[in-house]
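Just so it is clear, the values below take in all heavy atoms, side chains as well, and ignore hydrogens, waters and symmetry mates.
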Amino acid sequence: WETWSPNSVSLLGSDQLRDIYFLSGTTGYLISRDGYVYKTSDSGLSWAQLNSSSIGAGGQTLVFLNENNGIAVMNKSIFRTDDGGENWTQVFESTHELKAISFLDENIGVVCGSYSQVLRTSDGGITWVADIVDQTNGIVSFEAIQLLSPDLGYASGHAGKILKFH
């Protein structure tokens, strides 16, 4: 890259941007710490707030599967939209913090978090099931996850721990 072009988004109060996800070269989404979602349709030149009320505090990450369906990870909850981000519905609540998300396609995805938590969906994030994680080497707070195929993925976390799930 030869040039980085700064841009900004008008945020409410002292809110902070937490994650960015581009569905294509022109269409992208942002999520804020306070649970607001923003969209660009012009490669980031302008951003519009989608949801008029916050999804909830603790915005972590988001992914859009297509123009309509998106998943947002908010502290201990997973939210889903089927109208492009205008409205969000909580589809899963955890007792522990959730951190990262990865989708292989429009149906298969995973979320990870603290206390060795790995959740899986096969229906585009409508329902989530907890995977059983071997904790013989201790409980890990997972910070990142990557799904490579329906049967293979990796999660990484504190203390240099990496989990291969297959």
Side-chain angles (χ1 to χ4, degrees), residues 7-24 27-42 44 46-133 139-147 153-158 163 165:
N7 199 350
S8 63
V9 176
S10 295
L11 298 174
L12 300 173
S14 63
D15 202 1
Q16 299 172 0
L17 298 176
R18 295 299 300 258
D19 195 19
I20 188 168
Y21 182 85
F22 270 80
L23 189 59
S24 69
T27 304
Y29 302 87
L30 294 167
I31 191 166
S32 75
R33 179 193 63 197
D34 290 344
Y36 292 97
V37 178
Y38 302 84
K39 179 180 180 179
T40 182
S41 297
D42 58 11
S46 63
W47 294 86
Q49 182 179 320
L50 293 178
N51 49 331
S52 58
S53 60
S54 170
I55 299 171
Q60 294 288 343
T61 188
L62 84 164
V63 63
F64 270 77
L65 310 174
N66 54 46
E67 286 277 343
N68 294 316
N69 298 308
I71 309 293
V73 174
M74 307 293 298
N75 195 12
K76 296 180 181 179
S77 299
I78 300 173
F79 287 81
R80 187 175 190 280
T81 183
D82 60 9
D83 63 4
E86 296 289 334
N87 298 289
W88 295 83
T89 303
Q90 183 177 354
V91 293
F92 188 87
E93 185 171 6
S94 174
T95 55
H96 304 293
E97 187 175 14
L98 302 171
K99 300 278 191 161
I101 189 167
S102 176
F103 265 80
L104 184 63
D105 56 32
E106 288 190 19
N107 293 307
I108 300 171
V110 288
V111 167
C112 68
S114 59
Y115 290 90
S116 300
Q117 194 169 199
V118 176
L119 308 170
R120 178 183 292 262
T121 184
S122 59
D123 59 12
I126 296 169
T127 59
W128 293 87
V129 176
D131 277 352
I132 304 216
V133 176
I139 296 172
V140 177
S141 179
F142 291 122
E143 300 288 332
I145 194 161
Q146 180 69 50
L147 193 56
Y154 293 88
S156 63
H158 294 172
L163 171 73
F165 50 99

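The CE atom of Met74 sits 11.0 Å away from atom OG1 of Thr61, with the distance rounded to the nearest 0.5 Å. Note that the SG atom of Cys112 and the CG atom of Asp131 stand 11.5 Å from one another [nearest 0.5 Å]. Taken from OH in Tyr38 to CH2 in Trp47, the straight-line distance is 11.0 Å, to the nearest 0.5 Å. The structure places CG of Asp34 at 8.5 Å from CD of Gln16, a figure rounded to the nearest 0.5 Å. Between the OH atom of Tyr115 and the CG atom of Leu98 there is a distance of 13.5 Å, given to the nearest 0.5 Å. Note that the CZ atom of Phe92 and the CD1 atom of Ile126 stand 15.5 Å from one another [nearest 0.5 Å].
Here the shortest heavy-atom pairing between Ser77 and Gln90 reads OG-NE2, 3.1 Å. Summarising the geometry of Ala57 relative to Ser54, their closest heavy-atom pair is N-OG, 4.4 Å, with the distance given to 0.1 Å. What you find for Asp105 and Leu65 is that their closest heavy atoms are O-CD2, 4.1 Å. Contact record, Val73 with Lys99: CG1-N, 4.3 Å, taken as the closest heavy-atom pair. The minimum heavy-atom distance linking Ile55 with Ala72 is given by the pair CD1-CB, 4.3 Å. For the pair Glu86 and Thr81, the tightest heavy-atom approach, listed with the atom from each and the gap, is N-OG1, 4.1 Å.
Side-chain contact between Ile20 and Phe22 is present, with at least one heavy-atom pair separated by less than 4.5 Å. The shortest side-chain heavy-atom distance between Glu67 and Lys39 falls under the 4.5 Å cut-off. At a threshold of 4.5 Å between non-hydrogen side-chain atoms, the residues Arg80 and Thr89 do not count as touching. Residues Phe165 and Val110 form a side-chain contact, since some pair of their non-hydrogen atoms from C-beta on lies under 4.5 Å apart. Side-chain contact check for Tyr29 versus Leu50: some heavy-atom pair is nearer than 4.5 Å. Within the 4.5 Å cutoff, the side chain of Gln60 has heavy atoms near those of the Glu97 side chain.
The backbone N or O of Leu147 sits less than 3.5 Å from a side-chain atom of Ser102, completing a donor-acceptor pair. Remark: side-chain polar atoms of Thr40 are not paired, donor with acceptor, to backbone N or O of Thr27 under 3.5 angstrom. Between the side chain of Asn75 and the backbone N or O of Gly56 there is no donor-acceptor pair closer than 3.5 Å.
Here the options are Ile101, Val111, Val118, the test is side-chain contact (heavy atoms from CB on, under 4.5 Å), and the partner is Ile145; only Val118 passes.
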>> Determine whether Leu62 and Phe64 satisfy the following criterion, side-chain contact (heavy atoms from CB on, under 4.5 Å), listing intermediate values before the conclusion.
In response: CA-CA 7 Å; Leu62 84 164; Phe64 270 77; 3.6 Å; yes
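Asn66 pairs by the side chain to side chain contact (heavy atoms under 4.5 Å, CB included) definition with Asn68, Asn69, Glu106, not counting sequence neighbours. Residues that satisfy the side chain to side chain contact (heavy atoms under 4.5 Å, CB included) test with Thr121, not counting sequence neighbours, are Phe103, Asp123, Trp128.
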